[in-house]
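Everything below concerns the one structure shown next.
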Amino acid sequence: MERIPILQMGSFLLVTIQVDMHDRLALTLQDDLTNRIVKTGARGVLIDISSLEIVDSFIGRILGNIASMSRILDAETVVVGMQPAVAITLVELGLSLTGVRTALNVEQGMAMLRKSLGFPPEENDSHART
């Protein structure tokens with residue numbers, strides 16, 4: 001069965017979606033990610049969707065569900081790398097992705113997670129030094 005890799009970076013989990021998402025893969029990611037949060041005690045989840053060119057309403061809802069489930073499991077979620085066409089599609093579909101925090105790229109997303117969880121900014125983290 002096809003799976004999306006979930007990498008652990010300290011207290012965070014990093015998911016980089018490099019393939020077109022279909023419904024079964026999205027549901028598998030949701031299950032794998034929630035299980036991994038519990039297993040590792042991760043405090044933050046960063047999901048990079050920069051390779052996704054198309055997102056339908058189901059995938060949009062799954063992203064929202066992942067953020068909600070993560071929050072219940074005491075982990076913050078940030079989605080990064082959203083393409084303009086994806087943002088337009090989500091708005092046109094009426095999906096506001098309530099509770100999903102976004103950033104332009106992985107660096108900004110990590111800075112957002114570190115700040116929201118009270119971690120000190122990293123040396124090369126220019127966005128956190130304000």
Side-chain angles (χ1 to χ4, degrees):
M1 178 190 290
E2 188 178 18
R3 286 192 138 69
I4 294 174
I6 301 170
L7 306 174
Q8 185 169 359
M9 297 176 58
S11 297
F12 303 140
L13 298 177
L14 174 63
V15 177
T16 303
I17 300 171
Q18 298 288 325
V19 296
D20 286 333
M21 291 282 281
H22 51 79
D23 293 358
R24 181 174 291 151
L25 184 58
L27 288 170
T28 300
L29 174 62
Q30 178 179 278
D31 292 343
D32 289 350
L33 193 51
T34 52
N35 287 327
R36 192 75 179 273
I37 291 168
V38 170
K39 181 179 176 184
T40 64
R43 299 291 319 281
V45 175
L46 189 133
I47 303 173
D48 180 1
I49 63 168
S50 58
S51 293
L52 289 183
E53 295 178 13
I54 299 172
V55 171
D56 62 16
S57 60
F58 183 78
I59 302 300
R61 279 195 309 275
I62 290 293
L63 288 172
N65 289 348
I66 287 171
S68 295
M69 291 174 194
S70 297
R71 197 169 30 261
I72 290 169
L73 296 171
D74 197 28
E76 297 287 326
T77 302
V78 176
V79 174
V80 302
M82 189 177 299
Q83 300 291 333
V86 170
I88 290 166
T89 301
L90 290 174
V91 170
E92 287 175 349
L93 291 171
L95 295 173
S96 62
L97 296 184
T98 305
V100 177
R101 299 172 62 201
T102 60
L104 291 178
N105 57 44
V106 172
E107 181 182 358
Q108 290 178 2
M110 285 299 234
M112 186 182 288
L113 280 175
R114 293 183 68 76
K115 184 176 181 180
S116 72
L117 294 170
F119 290 10
E122 291 188 348
E123 285 295 315
N124 61 354
D125 191 358
S126 61
H127 299 288
R129 284 189 247 136
T130 55

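The first residue in the sequence is number 1, and the count goes up from there.
Using a 4.5 Å cut-off on side-chain heavy atoms (C-beta onward), Met110 and Met9 make contact. At least one side-chain heavy atom of Val80 sits under 4.5 Å from a side-chain heavy atom of Asp48. Side-chain contact between Ile4 and Val15: present, with at least one pair of heavy atoms (C-beta onward) separated by less than 4.5 Å. In this structure, Ile17 and Ile47 have side chains that are in contact, with non-hydrogen atoms separated by less than 4.5 Å.
Here the closest heavy-atom approach between residue Leu113 and residue Gly44 is recorded as CD2-CA, 4.1 Å. Considering all non-hydrogen atoms of both residues, Leu13 and Ala42 come closest at CG-CB, 3.6 Å. Closest approach of Leu46 to Gly109, counting heavy atoms only: CD1-C, 3.5 Å. The minimum heavy-atom distance between Gln18 and Ser51, with the atom names listed, is OE1-OG, 3.4 Å. For Gln83 against Leu52, the heavy-atom pair with the smallest separation is CG-O, 3.4 Å.
Legend: salt bridge (Lys or Arg N to Asp or Glu O under 4.0 Å) pairs involving residues 76-99, not counting sequence neighbours, sorted by first then second residue: Glu76-Arg101. Within the structure, every pair that satisfies the side-chain hydrogen bond (donor to acceptor under 3.5 Å, both in side chains) test and touches residues 31-40, not counting sequence neighbours, is listed here: Arg3-Asp32.
Rounding to the nearest 0.5 Å places CE of Met69 at 10.0 Å from CG of Leu33. If you take CG on Leu73 and CD1 on Ile66, they are separated by 12.0 Å, rounding to the nearest 0.5 Å. Between the CZ atom of Phe12 and the CG atom of Leu7 there is a distance of 14.5 Å, given to the nearest 0.5 Å. If you take CG on Leu95 and CD1 on Ile59, they are separated by 11.0 Å, rounding to the nearest 0.5 Å. Taken from CD1 in Ile49 to CG in Leu63, the straight-line distance is 6.0 Å, to the nearest 0.5 Å. Taken to the nearest 0.5 Å, the CZ atom of Arg43 stands 4.5 Å off from the CG atom of Asp74.
In the hydrophobic clustering of ILVMFWY residues, with side-chain heavy atoms under 4.5 Å counting as a link, Leu97 and Leu29 come out together. Note on Leu117: it does not cluster hydrophobically with Ile37, by side-chain heavy-atom contacts below 4.5 Å among ILVMFWY residues. Both Leu90 and Met21 are part of a single hydrophobic cluster, where members link through side-chain heavy atoms under 4.5 Å apart. Val78 is not connected to Leu104 by any chain of hydrophobic side-chain contacts under 4.5 Å among Ile, Leu, Val, Met, Phe, Trp and Tyr, and they are in different clusters. Follow the hydrophobic side-chain contacts under 4.5 Å out from Ile6 and you reach Val19 in the same cluster.
By the neighbour-count criterion of 12 heavy atoms within 6.0 Å, atom CG of Leu27 is densely surrounded, having more than that number from other residues, nucleotides or ligands. Within a 6.0 Å sphere centred on CD of Glu53, other residues, nucleotides and ligands contribute 12 heavy atoms or fewer.
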Q: Given side-chain contact (heavy atoms from CB on, under 4.5 Å), test Val55 with Val86 step by step and report yes or no.
A: CA-CA 6 Å; Val55 171; Val86 170; 3.5 Å; yes
